Number of protein chains: 2
Amino acid sequence: MRQESPTKTKLLETALELIWESSYGSVSVDDICTKAGVNKGSFYYAFKSKSDLAVAAMEHHGAQKRAIFDQVFSAQRPPLERLERYCRQVIEDQTEKFHKYGKVLGCPFCSLGYELSTQDENIRRKVEQTLGAVTRYLESMVRDLVSEGTVEAKDPKELARELYSYLMGAIMQAKIENNLSLLDHLLSGAVRLLNVKQAESAA
Amino acid sequence: MRQESPTKTKLLETALELIWESSYGSVSVDDICTKAGVNKGSFYYAFKSKSDLAVAAMEHHGAQKRAIFDQVFSAQRPPLERLERYCRQVIEDQTEKFHKYGKVLGCPFCSLGYELSTQDENIRRKVEQTLGAVTRYLESMVRDLVSEGTVEAKDPKELARELYSYLMGAIMQAKIENNLSLLDHLLSGAVRLLNVKQAESAA
DNA sequence: CTTGCACTATACTGACCAGTCAACTACGGT
DNA sequence: ACCGTAGTTGACTGGTCAGTATAGTGCAAG
């Protein structure tokens, strides 16, 4: 992976920020350029279309998240603690955005996915791929829970997917009700869904 | 509630259909008018803005769904059967749309919610209200499960919300992966989340 | 016949959209 | 000093957007 030019990076980050805050359809290329302090010509020098930029912005943001998730889901820690840290991470993220924008923003990948899955196949695929990557973290966590004996599951892959459905749905609800406190029960709901055997939770 | 003029009804139904299939931002008032066979002047006679129409279309669609859900969630049936019927209803809906449009469309309220919650407060509120109505069905179902002894829950309201998070998240995943078969495990996942005691399922 | 009203028809406005283009600058290699 | 290339600039295009203006229609009541 060669390094990006600063212009390109600025565009990627500005685009994700603006789209995350409102939506793909309501953010214009001009908006992104103005906010990024880049001329439109440079934009189309760097990206061949708005849709292209969205895909690249997801890739860029995904790469940053991957680094964080590698720590959050480190196999060094017991699996239940990984889940707890993941939930905390989600809440921190959403809280930070809430203070910055005064609104619950939800997940940017889900936003793009729900808005454009039926219209833009490239974007749909990128969202699918990104969410799939997260599922893989959850999957290995679930598998470790099973081998520990904390959780029973015939199909850990399927259980991880169900867990992720629940988490994404909860974040969506928080966005729609514009209410951060809906995330307070995120972990306890996940624990219930997993049907963990001994009731215990870290500090 | 006085009855709507046929023009208005046609606009409401066409609008929901088009928005559901793509998105609010990508459907223009002209698109809606053309498809509905209505002139633009009539549109703005009937609704004061595009956003207004979206809210009215949700209300219209919600009212139709309410009639169906009153049957699906009829207190005459045992609560677990209600859940099963609800899941089946969701799958049927999605399957029908899939065959009609060749794509998994997901939930129209969630689409509008995820796309516009941060931008249009009227739309956000309408989505919130509509989803709240569905939660109430689930809530009374959960309460009946608890009184039956099939499920244990300190806070049935919270459990119903968690269940709905899971269901909405699963539908979102199906849309993003454009894969109906992700809904096959909808019921079994719900049952696991609820942590029902005796394993049984109706025919 | 006529007045008033609910509704329809269509042309229009001005803003904004994604994307293009040709001219320009900065700079490393020779 | 010269060139080639990578990147920048901002004006421009043609089309589309939400919303408006205004004239017209059909019809029912007086």
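Reminder, nothing fancy here: chain letters follow the sequence lines and each chain counts from 1. Predicted, not measured: the structure shown is a model, and the values here were computed from it.
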So, is the end of the B:K103 side chain (NZ or CZ) under 6.0 Å from the ring centre of B:F98 and within 45° of the ring's axis? no
Six-ring centre of B:Y24, B:K50 cation under 6.0 angstrom, axis tolerance 45°: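 Yes, a cation-pi geometry.
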With no hydrogens and no angle check, just 3.5 Å: does a side-chain donor-acceptor pair link [X] and [Y]?
X      : Y      : result
B:E148 : B:T150 : yes
A:S28  : A:D31  : yes
B:E115 : A:S23  : no
A:E13  : A:H60  : yes

Reading DNA chain C 5' to 3', which nucleotide is the first, and which the last, to come under 4.0 Å of any heavy atom in chain B?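 Contacts span C:dA6 to C:dT10, reading 5' to 3'.
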Range on DNA chain D touched by chain A, heavy atoms, distance below 4.0 Å: D:dA6 to D:dG10
Please answer whether the main-chain N or O of B:C107 pairs with a side-chain N or O of A:Y114 as donor and acceptor at a distance below 3.5 Å.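 Pair found, side chain donor or acceptor close to backbone of B:C107.
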Donor-acceptor contact below 3.5 Å, side chain A:R124 vs main chain A:L116: no
Of residues 38-45 of chain B, the positions that come close to DNA chain C - non-hydrogen atoms, cut-off under 4.0 Å: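 Heavy-atom contacts with DNA chain C come from B:N39, B:K40, B:G41, B:S42, B:Y45.
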For the residue pair A:F73 and A:Y86, categorise the inter-ring angle as parallel (less than 30°), tilted (30 to 60°) or perpendicular (more than 60°).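 Answer is tilted, since the angle falls between 30° and 60°.
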In terms of the angle between their ring planes, are A:H61 and A:F109 parallel, tilted or perpendicular, with boundaries placed at 30° and 60°? tilted
[X]/[Y] ion pair, N-O < 4.0 Å:
X      : Y      : answer
A:E121 : A:K126 : no
B:D93  : B:K65  : yes
B:K157 : B:E162 : no

Over the length of the helix from C:dC1-D:dG30 to C:dT30-D:dA1, how much do the five-pair end axes diverge, rounded to 10 degrees?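 Axis angle across the helix from C:dC1-D:dG30 to C:dT30-D:dA1, nearest 10°: 10°.
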Neighbours of DNA chain D within residues 16-33 of chain A, by heavy-atom distance under 4.0 Å: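 Output list: empty, so none.
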Test of understanding: with side-chain contact (heavy atoms from CB on, under 4.5 Å), list the residues that count as partners of B:E96, not counting sequence neighbours.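 Per chain and number, B:E96 pairs via side-chain contact (heavy atoms from CB on, under 4.5 Å) with no residue.
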Is any side-chain heavy atom of A:R192 less than 4.5 Å from a side-chain heavy atom of B:L159? yes
